[in-house]
Protein chains: 2
Amino acid sequence: MTVATRLKIGDVAKQTGIAVGALRYYESLGLLHSERGDNGYRYYSPTAVHQVQFIKKAQALGFSLEDVGDVLNVHQRGDVPCGFVRSLLQDKIQQLEDQIQQMTAFKADLEDYRDRWAESQPHPQPGDICPLIETVPLTV
Amino acid sequence: MTVATRLKIGDVAKQTGIAVGALRYYESLGLLHSERGDNGYRYYSPTAVHQVQFIKKAQALGFSLEDVGDVLNVHQRGDVPCGFVRSLLQDKIQQLEDQIQQMTAFKADLEDYRDRWAESQPHPQPGDICPLIETVPLTV
DNA sequence: CTTGACCCTCTAGGGAGCTATAGAGTTTAG
DNA sequence: CTAAACTCTATAGCTCCCTAGAGGGTCAAG
């Protein structure tokens, strides 16, 4: 019987490409657990590498670390969090949709100004800073 | 001959709808100037209202306060900053374009996952947290 | 034994544009 | 005259995900 491999934080960092400081940060958020040796060092089992990769993958899906924590909590309760993940994912998609729409409308606005200002020689009024911008209406 | 109107910061705030704290913040960035009375109060001429509105309008075009400062500097040098403003505006449009493209591609990715995961009953492996997320490839 | 590569905790910072508070002085309406 | 409403400075906090540094202990190779 061999003792299970005990990884130090630097080993986990190397195997995952995540900085040591970030790993400690994950732990402070409760996303990653470690055992402490007598020297105070954090020790990890090889599954920790897998867990860090899980965090990376969730982030790649646009999940915040808080989201990851929520998923982990569902898992901790013994449930399979896939349904929860699906709904989170749908939320992210909807948020993206909304943001894209907003940005597209905003871009159209800006292009409108650009085209209107393309060759106009503005009529500066006393006190004006940029006579072009001065024509923008105040949204009150 | 009447003394020119001297506005206090609260007056400017009321007339522009910008919080007092924000006006002080603008001043700290050099975007808004005031004279000090013997009591230490900031006093503004009515053109300050116009200048604050200019800041608001520039922000409505997606300009950062730093951008506004740059525009103001051109103006301060005695130049008309409209050419500079046009090029800033084109930059903002381009940035929006890029961001929209990125977000659209990302959204397509997420929708891909969503559809693939729609009714799949995943095959949990020992150590898995959410078998769905586990299928996401690591971008290394 | 020494040197260097690790590890620890705690604190600060950053980006953007503010808001909020504390503790103090000033002005203004009644 | 008093009380409310205003003003001042200076500092901290917000969001998110870390990074960087100080000041110290621990461990492995030569």
Side-chain angles (χ1 to χ4, degrees), chain A residues 5-44 48 51-72 88 91-92 95 99 139, chain B residues 3 5-44 48 51-72 88 91-92 95-96 99 139:
Chain A
T5 324
R6 278 152 53 96
L7 303 171
K8 287 189 288 187
I9 197 167
D11 301 326
V12 178
K14 261 172 223 143
Q15 290 188 38
T16 58
I18 298 294
V20 166
L23 295 176
R24 285 195 272 247
Y25 179 61
Y26 294 163
E27 181 173 312
S28 79
L29 297 181
L31 306 182
L32 189 61
H33 303 288
S34 62
E35 309 206 332
R36 295 305 182 105
D38 294 343
N39 49 16
Y41 284 22
R42 290 168 177 84
Y43 287 103
Y44 300 89
Q51 285 160 11
V52 172
Q53 285 168 346
F54 178 83
I55 296 174
K56 287 180 77 174
K57 289 172 179 181
Q59 283 185 314
L61 293 173
F63 288 13
S64 68
L65 294 182
E66 193 181 352
D67 290 335
V68 175
D70 293 342
V71 173
L72 255 34
L88 271 182
D91 287 352
K92 298 295 165 195
Q95 285 170 22
Q99 286 179 29
T139 313
Chain B
V3 173
T5 324
R6 276 152 53 94
L7 302 171
K8 286 191 290 186
I9 196 167
D11 301 325
V12 177
K14 260 173 223 142
Q15 291 188 37
T16 59
I18 298 295
V20 166
L23 294 175
R24 286 196 273 247
Y25 178 61
Y26 294 163
E27 181 172 310
S28 79
L29 298 181
L31 306 182
L32 189 62
H33 303 288
S34 63
E35 307 205 335
R36 296 304 183 105
D38 293 343
N39 48 16
Y41 282 22
R42 290 169 179 82
Y43 287 102
Y44 300 88
Q51 284 160 13
V52 172
Q53 285 169 346
F54 177 83
I55 296 174
K56 286 181 78 173
K57 289 172 179 183
Q59 282 185 316
L61 293 172
F63 288 14
S64 68
L65 294 182
E66 193 181 352
D67 290 335
V68 175
D70 293 342
V71 173
L72 256 33
L88 271 182
D91 287 353
K92 298 294 164 199
Q95 285 169 24
L96 274 175
Q99 286 179 30
T139 312

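Letters A, B, ... are given to chains in the order of the sequence lines, protein chains preceding strands, and every chain is numbered from 1.
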Heavy-atom pair of closest approach, residues B:Y44 and B:S34 | CE2-CB, 3.5 Å
Taking all non-hydrogen atoms of both residues into account, name the closest pair between B:A19 and B:A13 and its distance.
-> C-CB, 4.4 Å
Between A:E66 (CD) and D:dC14 (P), how many Å, whole number?
-> 14 Å
Between A:E27 and A:R36, is the closest basic N to carboxylate O distance under 4.0 Å?
-> yes
In whole angstrom, what separates B:R36's CZ from C:dG25's P?
-> 17 Å
Looking at every strand, decide which applies to B:L29 at a 4.0 Å heavy-atom threshold: base, sugar-phosphate, or nothing.
-> nothing
Taking only side-chain nitrogens and oxygens of A:R42, does any of them come within less than 4.0 Å of OP1 or OP2 of D:dT26?
-> no
Would you confirm whether A:K56, through its side chain, and A:Q51, through its main-chain N or O, come within 3.5 Å as a donor-acceptor pair?
-> no
Interatomic distance, A:Y41 OH vs C:dC6 P [rounded to whole Å] = 11 Å
Report all interatomic pairs (protein N or O, nucleotide N or O of nucleotides 18-22 of chain C) with separations under 3.5 Å.
residue : atom : partner : partner atom : Å
C:dC18  : OP2  : B:Y26   : OH           : 3.2
C:dC18  : OP2  : B:Q59   : NE2          : 2.8

Please report, rounded to the nearest Å, how far the P atom of D:dA5 is from the CG atom of B:D11.
-> 16 Å
Side chain to side chain contact (heavy atoms under 4.5 Å, CB included) partner of A:D67, the single match among A:D91, A:L72, A:L88, A:L61 = A:L88
Rounded distance (Å) that lies between atom P of D:dG25 and atom NZ of A:K8 = 18 Å
Locate the shortest heavy-atom distance separating B:F63 from B:K92; write the atom from each residue and the value.
-> CE1-CG, 3.9 Å
Rounded interatomic separation in angstrom, taking CG from A:N39 and C1' from C:dT9 | 14 Å
For B:R6 and C:dT27, give me the distance from atom CZ to atom C1', rounded to whole Å.
-> 13 Å
Could you give the CD1-to-C1' distance, from B:I9 to D:dA5, as a whole number of Å?
-> 15 Å
